[in-house]
Amino acid sequence: MTDREDLVAALLNDSTNVFVLSGAGISTESGIPDFRGPQGLFTRFPEASRMFELDAYVGDPEVRRAAWRVRSQPDMWNAEPNAGHEAVARWEGAGRAVTVATQNIDGLHIRAGSSEVLELHGTFWESQCLSCEERRPIAETLDRVRAGDEDPMCLRCGGILKSATVSFGQMLDPDVMAAAANAAVECDLALVIGSSLTVQPAASLCAVAADSAPLVIINAEATPYDDLAEVTISTPIGQTLTRITSRLGLGAAAR
Ligand code: NAD
C-alpha cells in the first residue's frame with residue numbers, strides 16, 4: 001500500500017457520492033485491448049481506426065466487412081469482469097452512491113454488479129440500423145455474418161447495420177451525456193480509471209467534476225488532465241483498486 005493509495009482510500013471513506021469515469025484501460029486485464037496503450041489496437045494497427053469512423057463505415061463496404069470480421073472474433077464475447085470492475089462495484093452501499101460513466105462498450109461494469117452505469121459510447125451487445133435505428137441483440141446479427149453474410153443489412157428497412165456503439169463522427173446520446181454531466185457536477189469525489197482522456201466530450205467530464213470535488217486519475221500513462229488531479233497513480237488498475245478497496249472495510253462483494 002503506497003501513500004497515494006492510502007490517500008485514495010481515505011477520500012473514498014469520506015465520500016457519499018462518487019463519480020467514476022472509466023475507459024478501455026480498466027478492461028485490458030480482462031483481455032480486451034485498449035486503443036492507445038502500448039498494446040493498443042491503434043498503436044499496433046493504425047489503419048484499424050477507419051473501422052471506428054462513421055464516414056468510412058458508411059461509405060466503404062470493405063470497412064464494414066472488416067468491422068464485422070473483427071466483431072465476430074471471440075475475445076470480446078468471452079471477456080469476464082476483472083478485479084478492477086469488481087472493486088468499483090464494491091464501493092456502492094453503506095451510504096455511498098457510485099455513478100460509473102464508462103467509455104467502454106463491453107458491458108463489464110454492469111456484469112460486475114455496478115448498479116448505476118452510463119454507457120457514454122453505447123454497447124457492443126446490440127446491433128443498430130443507421131437508418132431506422134432498430135436495435136437487436138448483436139448475437140442475431142453475428143449469426144448472419146458467420147453464415148456468410150459479410151455486410152448484413154437491416155431486416156426491417158435494408159439500412160446499414162453497425163454495433164450500437166458511438167463511432168468517431170457520431171453523436172453521443174444527449175440524455176446519457178446529460179446524466180453523466182449531472183453526476184460529475186454533484187459528486188464529492190471523482191475517479192478516472194483507465195483512460196487516456198483524449199476522446200471528447202467524455203474526457204472533459206473529469207474537468208467538470210474537478211471544479212467542485214477532488215479528482216483521482218489512475219492510468220498507466222500521463223493524461224492531459226493530470227494537473228487537475230489531487231492524486232495520480234500509474235500502477236496496474238486491478239491490483240491498485242484491490243489494495244485500495246481492502247482499506248474500506250467492506251464485506252463480501254455485492255454481486
Ligand atoms: P485509450 O485506449 O485511449 O486509453 C486507455 C489507457 O489505459 C491508456 O492510457 C493505457 O496506458 C491505460 N491502461 C491500459 N491498461 C491499463 C492497466 N491495466 N492499468 C493502468 N492503465 C492501463 O482508451 P479510452 O480513453 O477509453 O478512449 C478510447 C475509446 O476506446 C473509447 O471511446 C472506448 O469506447 C473505446 N474502447 C473501448 C473498449 C472496451 O469497451 N473495453 C476497448 C477499446 C476501446
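For ligands, and for the atoms within them, numbers begin at 1 and follow the listed sequence.
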If I apply the N/O under 3.5 Å rule, does [X] come out as touching ligand 1?
| X | result |
| --- | --- |
| Ile237 | yes |
| Thr198 | no |
| Phe35 | yes |
| Pro33 | no |
| Gly23 | no |

Scan side-chain atoms only and decide if [X] and [Y] contain a donor-acceptor pair under the 3.5 Å cut-off.
| X | Y | value |
| --- | --- | --- |
| Ser27 | Asp106 | yes |
| Asn219 | Ser195 | no |
| Glu92 | Ser115 | yes |
| Ser127 | Ser163 | no |

Only heavy atoms of [X], strictly under 4.0 Å: list the atoms of ligand 1 that pass.
| X | result |
| --- | --- |
| Thr28 | 14 (C), 15 (N), 16 (C), 17 (C), 18 (N) |
| Val199 | 27 (O), 28 (C) |
| Pro236 | 19 (N) |
| Ala220 | 11 (O), 20 (C), 21 (N), 22 (C) |
| Ser27 | 41 (N) |
| Glu29 | 17 (C), 18 (N) |

Considering non-hydrogen atoms of the protein only, which is the closest contact for [atom], and what is the distance?
| atom | answer |
| --- | --- |
| atom 1 (P) of ligand 1 | Ser196 OG, 3.7 Å |
| atom 32 (O) of ligand 1 | His121 ND1, 2.7 Å |
| atom 23 (O) of ligand 1 | Ala24 CB, 3.5 Å |
| atom 34 (O) of ligand 1 | Gln103 O, 2.5 Å |
| atom 11 (O) of ligand 1 | Glu221 OE1, 2.7 Å |
| atom 39 (C) of ligand 1 | Asp106 OD2, 3.5 Å |
| atom 28 (C) of ligand 1 | Arg36 NH1, 3.2 Å |
| atom 7 (O) of ligand 1 | Asn219 OD1, 3.0 Å |

Heavy-atom distances under 4.0 Å are what count here, so tell me which part of [X] touches ligand 1: side chain, backbone, both or neither.
| X | result |
| --- | --- |
| Ser195 | both |
| Asn104 | both |
| Ile32 | side chain |
| Ala202 | neither |

Are the side chains of Asn13 and Arg96 in contact, using a 4.5 Å heavy-atom criterion?
yes
Heavy atoms, side chains only, cut-off 4.5 Å: are Trp91 and Val20 in contact?
yes
Charged N to carboxylate O below 4.0 Å: is that the case for Arg65 and Glu62?
yes
Under a 4.0 Å threshold between the charged nitrogen and the carboxylate oxygen, would Arg247 count as salt-bridged to Glu5?
no
Straight-line distance of Thr165 OG1 to Gln170 CD, nearest 0.5 Å:
7.0 Å
Hey, what do you get for CG (Asp60) to CG (Asp55), rounding to the nearest 0.5 Å?
11.5 Å
Tell me whether the centres of the aromatic rings in Phe52 and Tyr57 are closer together than 6.0 Å.
no
Asp149, CG: over 12 other non-hydrogen atoms inside 6.0 angstrom
yes
Contact between ligand 1 and Gly194 is defined here as a heavy atom of the residue under 4.0 Å from a ligand atom; is it met?
yes
Using 30° and 60° as the class limits, which term best fits the ring planes of His109 and His85: parallel, tilted or perpendicular?
perpendicular
When you measure from the side chain of Glu29 to the backbone N and O of Asn82, does any donor-acceptor pair fall under 3.5 Å?
no
